[in-house]
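Read the structure below first, then the notes.
Every heavy atom of this structure was used, including side-chain atoms; hydrogens, water molecules and symmetry mates were not. FYI, the numbering just counts along the sequence from 1.
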Amino acid sequence: MAGIDVREIYFRYAHQWVIEDLSFRVEVGEFWGIIGPNASGKTTLLKILYGFIDPQRGGVFIDGGELRRMKRPDIAKKIAVVPQETQISFPFTSFEVVLMGRSPYLGRLQFEGRDDFEIAERAMRLTDTLRFSRRPINELSGGERQRIFIARALAQEPEIILLDEPTSNLDISHQVEFYDLISRLNREKNLTILTVSHDINLASEYCRKIILLKEGRIFKMGSPKEVVAEEHIRQVYGNRVLVDENPVTGSPRITLLRKDPSNIGNPEAQVK
């Protein structure tokens, strides 16, 4: 199994650095979250982590090998990506979509064999999507589609799964369902998981460690209790928040506060 070793990476699209001096190591089987406001570098960092773009300085290492020196099929055997939303216009069945996860293992003009079909079926069992196998992907709900994309990622037999705002288009029930599934796979399969999220509370609830980005740099990194603090959120997001403890799980949680409490019936009730 593989972890992720990020060493002093810098990246810029034009003249301004988008990522600056980022270093961290995600150990095998850990579940990390990346949070931060818009334009803080979250999506760019994720693209670097799966080799879609290369940093101008520094490097990302998987199993001791530098990502930029690996071939695309070899990267896909190590790392799977689940995006926010994948548009598939052709009415592929759900099973066909999951089977696409086997493409890194196929030679040119080679068709899937019995082993590939069995691996795809097993991935659908793990994600409780086998019942959708014959249904067109574009007829599924948002939550059902995301489960299919997780199954496709598992069909790659990766050691690392990267998630890019995977629940941004889901209602709260499907958000919890999705992260419960990811958390179970993390435990049972010892998968290394890193998720980008705008939802601080979800990241706090499910992730073992969190990176808080500000303007392309790590502002704070550590456990949810170390990172999700009122002063950190205020300095990075520019908002006052109330941070307390989830009474059931003990994880830190935030409550948003109005910037201008003057139109509230009882302004004295606002936290000062």
Side-chain angles (χ1 to χ4, degrees), residues 1-2 4 26 28-34 46 49-50 73 75-106 112-197 199 202-203 205-208:
M1 302 300 285
I4 307 170
V26 182
V28 173
E30 288 190 325
F31 191 163
W32 282 47
I34 301 174
L46 207 68
L49 293 181
Y50 63 83
I75 293 175
K77 292 174 184 177
K78 292 281 188 183
I79 303 172
V81 181
V82 178
Q84 292 183 40
E85 179 71 20
T86 301
Q87 298 296 330
I88 299 179
S89 54
F90 191 84
F92 291 107
T93 66
S94 297
F95 185 79
E96 288 171 331
V97 172
V98 175
L99 197 58
M100 293 175 187
R102 299 303 300 160
S103 60
Y105 298 89
L106 303 177
E112 298 87 353
R114 178 181 297 179
D115 288 347
D116 300 306
F117 281 89
E118 289 177 354
I119 290 168
E121 185 176 318
R122 186 161 61 244
M124 296 190 81
R125 282 203 189 93
L126 283 169
T127 53
D128 192 27
T129 55
L130 199 55
R131 53 202 163 106
F132 308 138
S133 60
R134 296 187 179 183
R135 289 178 59 187
I137 186 70
N138 51 18
E139 291 183 6
L140 301 182
S141 71
E144 291 167 344
R145 281 198 306 272
Q146 284 298 75
R147 279 182 169 265
I148 291 296
F149 296 136
I150 285 289
R152 182 179 66 179
L154 290 175
Q156 289 178 225
E157 298 185 301
E159 300 176 15
I160 298 166
I161 294 183
L162 305 178
L163 307 165
D164 185 10
E165 295 285 356
T167 60
S168 60
N169 298 315
L170 303 182
D171 60 37
I172 56 174
S173 175
H174 285 110
Q175 288 176 10
V176 172
E177 184 181 81
F178 181 90
Y179 272 102
D180 279 348
L181 170 61
I182 291 297
S183 184
R184 177 171 62 83
L185 293 171
N186 169 246
R187 294 192 309 271
E188 294 179 359
K189 298 294 181 182
N190 202 35
L191 291 168
T192 304
I193 295 177
L194 195 149
T195 183
V196 166
S197 180
D199 193 315
L202 278 176
E205 188 65 39
Y206 287 94
C207 298
R208 185 181 305 177

Query raised in the report: Are any side-chain N or O atoms of Ser94 and backbone N or O atoms of Arg134, one a donor and one an acceptor, separated by less than 3.5 Å?
Result: no

Query raised in the report: Any donor and acceptor pair, going by atom type alone, linking the side chain of Arg102 with main-chain N or O of Ala155 inside 3.5 Å?
Result: yes

Report task. Please name the pair of heavy atoms, one in Leu126 and one in Arg184, separated by the smallest distance, quoted to 0.1 Å. Result -> O-NH2, 2.7 Å

Requested in this report: Might you work through the side chain to side chain donor-acceptor pair (under 3.5 Å) test for Thr195 and Ser197, ending with a clear yes or no?
Outcome: CA-CA 6 Å; Thr195 183; Ser197 180; 5.6 Å; no

Report task. Kindly give the heavy-atom pair with the smallest separation between Gly142 and Leu170, and that separation in Å. Result -> C-CD2, 3.4 Å

Report summary line: For Leu49 and Ile79 the tightest heavy-atom approach is O-CD1, 3.5 Å

Requested in this report: Might you point out which heavy atoms bring Ile160 and Ile4 nearest each other, and give the distance in Å?
Outcome: CD1-CG1, 3.7 Å

Query raised in the report: Do Arg147 and Glu177 come close enough that some side-chain heavy atom pair is under 4.5 Å?
Result: yes

Query raised in the report: Does any non-hydrogen side-chain atom of Ile150 lie less than 4.5 Å from one of Phe178?
Result: yes

Query raised in the report: Are the side chains of Asp116 and Leu106 in touch, meaning some heavy atoms are under 4.5 Å apart?
Result: yes

Query raised in the report: If every non-hydrogen atom of Glu121 is compared with every non-hydrogen atom of Phe95, which pair is closest and at what distance?
Result: N-CE1, 3.9 Å

Report task. For the pair Gln146 (side chain) and Thr167 (backbone), establish whether a donor and an acceptor sit closer than 3.5 Å, ignoring hydrogens and angles. Result -> no

Query raised in the report: Considering only heavy atoms from C-beta outward, does the side chain of Ile137 approach that of Ile148 to under 4.5 Å?
Result: yes

Report task. Go through the side-chain N and O atoms of Ser141 and Arg145 and say whether any donor and acceptor fall under 3.5 Å apart. Result -> no

Query raised in the report: How long is the span from the CG atom in Leu162 to the CD1 atom in Ile34, to the nearest 0.5 Å?
Result: 8.0 Å

Query raised in the report: Any salt bridge between Arg125 and Asp128, counting N to O under 4.0 Å?
Result: no

Query raised in the report: Is there a donor-acceptor contact under 3.5 Å from the side chain of Glu96 to the main chain of Thr93?
Result: yes

Query raised in the report: Is there side-chain contact between Trp32 and Ile193, with at least one heavy-atom pair below 4.5 Å?
Result: no

Report task. Looking only at non-hydrogen atoms, find the nearest pair between Pro158 and Ala153 and report the distance. Result -> CD-O, 3.1 Å

Requested in this report: Please tell me if the side chains of Leu154 and Ile161 come closer than 4.5 Å, counting only heavy atoms from C-beta onward.
Outcome: yes

Report task. Return yes if some donor-acceptor pair links the side-chain N/O of Gln156 with the main-chain N/O of Ala76 below 3.5 Å, else return no. Result -> yes

Requested in this report: Report yes if some heavy atom in the side chain of Val81 is under 4.5 Å from a heavy atom in the side chain of Leu163; otherwise report no.
Outcome: no

Requested in this report: Quick one: do Glu112 and Tyr105 satisfy side chain to side chain contact (heavy atoms under 4.5 Å, CB included)? Show the steps, please.
Outcome: CA-CA 9 Å; Glu112 298 87 353; Tyr105 298 89; over 6 Å; no

Query raised in the report: Does any N or O in the side chain of Ser133 come within less than 3.5 Å of the main-chain N or O of Thr129, such that one atom is a donor and the other an acceptor?
Result: no

Report task. Considering only NZ, NE, NH1 and NH2 on the basic side and carboxylate oxygens on the acidic side, decide whether Lys77 and Glu159 come within less than 4.0 Å. Result -> no

Requested in this report: Sequence neighbours left out, what passes ring-ring contact (aromatic ring centres under 6.0 Å, His included) with Tyr179? Give chain and number order.
Outcome: Tyr206

Query raised in the report: Counting distance only, does the side-chain N/O of Asn186 pair as donor-acceptor with the main-chain N or O of Gly29 below 3.5 Å?
Result: yes

Query raised in the report: With a 4.5 Å limit on heavy-atom distance, are the side chains of Phe31 and Arg187 in contact?
Result: no

Requested in this report: Determine, stepwise, if the pair Leu181 / Thr127 fulfils side chain to side chain contact (heavy atoms under 4.5 Å, CB included).
Outcome: CA-CA 7 Å; Leu181 170 61; Thr127 53; 4.1 Å; yes

